[in-house]
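Below: one structure, written as structure tokens.
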Amino acid sequence: MPFLSIHTLSGNPDELLQRKQEYMDPVVRQIAPEYGAIKSITVRQADGLMTINLWESAEGAQAFTQRPEVQQAQARSGLPRPATFERYTEVYIEEYQQKP
């Protein structure tokens, strides 16, 4: 069953986004697909960022976060711990645009 997580980071959205893109995104792009990552959406908010992640399973998402490379990227980024973190295990997906 798909797994959806939504977390927010508090702080200057431009600084947070820059750190995420510089430190986290390259590692996530490389490793997350192995663990069933489907899609990630990050949104600037007035007081920080919100990231929505869609995974094939909660187990895959959890295993991904345990990878040393992911933990090292998180530490190097200096990003704060999420201010909020929501998890949803009953997720239903409708795709409206299919890639050719």
Side-chain angles (χ1 to χ4, degrees):
M1 170 79 56
F3 172 72
L4 182 79
S5 66
I6 302 172
H7 66 271
T8 60
L9 300 176
S10 296
N12 179 303
D14 294 327
E15 290 176 12
L16 293 171
L17 185 59
Q18 184 275 325
R19 287 192 248 157
K20 177 186 176 297
Q21 290 174 330
E22 182 177 345
Y23 295 99
M24 293 301 299
D25 288 354
V27 174
V28 173
R29 242 182 255 112
Q30 182 181 15
I31 298 173
E34 297 173 35
Y35 291 88
I38 298 171
K39 192 163 295 264
S40 180
I41 300 168
T42 297
V43 180
R44 270 193 184 108
Q45 297 183 304
D47 60 347
L49 298 178
M50 175 174 58
T51 299
I52 303 161
N53 295 309
L54 181 61
W55 297 82
E56 291 176 1
S57 70
E59 296 79 16
Q62 178 63 31
F64 167 77
T65 64
Q66 300 306 309
R67 284 284 295 259
E69 302 96 314
V70 175
Q71 294 177 2
Q72 291 165 2
Q74 174 68 37
R76 283 193 312 272
S77 74
L79 289 168
R81 295 186 60 76
T84 64
F85 200 101
E86 300 173 57
R87 296 170 179 91
Y88 300 94
T89 54
E90 292 195 30
V91 178
Y92 307 94
I93 302 167
E94 293 289 333
E95 292 193 41
Y96 298 108
Q97 295 183 2
Q98 301 294 322
K99 292 183 180 182

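One-based numbering along the sequence shown. All of these numbers come straight from a predicted model, not from anything done at the bench.
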Where the side chain of Thr51 meets the backbone of His7, is there a donor-acceptor pair that is under 3.5 Å apart? no
Flag yes if Ile93 and Ile52 sit in one hydrophobic cluster, no otherwise; membership is Ile, Leu, Val, Met, Phe, Trp, Tyr, and two members link when side-chain heavy atoms are under 4.5 Å apart. yes
Check for a donor-acceptor pair, side chain of Arg76 on one end and backbone N or O of Tyr23 on the other, with a separation under 3.5 Å. no
Taking atom OG of Ser77 and atom CD of Glu22, what is their separation to the nearest 0.5 Å? 9.5 Å
Apply the test side-chain contact (heavy atoms from CB on, under 4.5 Å) to residues Leu4 and Arg87: give CA-CA distance (whole Å), side-chain angles for both, the deciding distance (0.1 Å), then the verdict. CA-CA 6 Å; Leu4 182 79; Arg87 296 170 179 91; over 6 Å; no
Which hydrophobic side chains are connected to Phe64, either touching it within the sub-4.5 Å cutoff or through other members that do? Phe3, Leu9, Leu16, Leu17, Met24, Val27, Val28, Ile31, Tyr35, Leu49, Trp55, Val70, Leu79
Charged N to carboxylate O under 4.0 angstrom, Arg67 versus Glu34? yes
What is the distance from atom CG of Asn53 to atom OG of Ser40, rounded to the nearest 0.5 Å? 4.0 Å
Is the CD atom of Gln66 crowded by more than 12 outside heavy atoms at less than 6.0 Å? yes
Could you tell me whether the side chain of Pro2 reaches within less than 4.5 Å of the side chain of Leu54, counting heavy atoms only? yes
Nearest heavy atoms of Glu15 and Asn12, plus distance in Å: N-OD1, 3.0 Å
Atom pair CD/CD of Gln74 and Glu69 - distance to nearest 0.5 Å: 14.0 Å
Between the side chains of Tyr88 and Glu86, does any donor sit under 3.5 Å from an acceptor? yes
Tell me, please, which residues at least two apart from Pro33 pass side chain to side chain contact (heavy atoms under 4.5 Å, CB included). none
One should read off an interatomic distance between Ser10 OG and Arg81 CZ, to the nearest 0.5 angstrom, of 13.5 Å
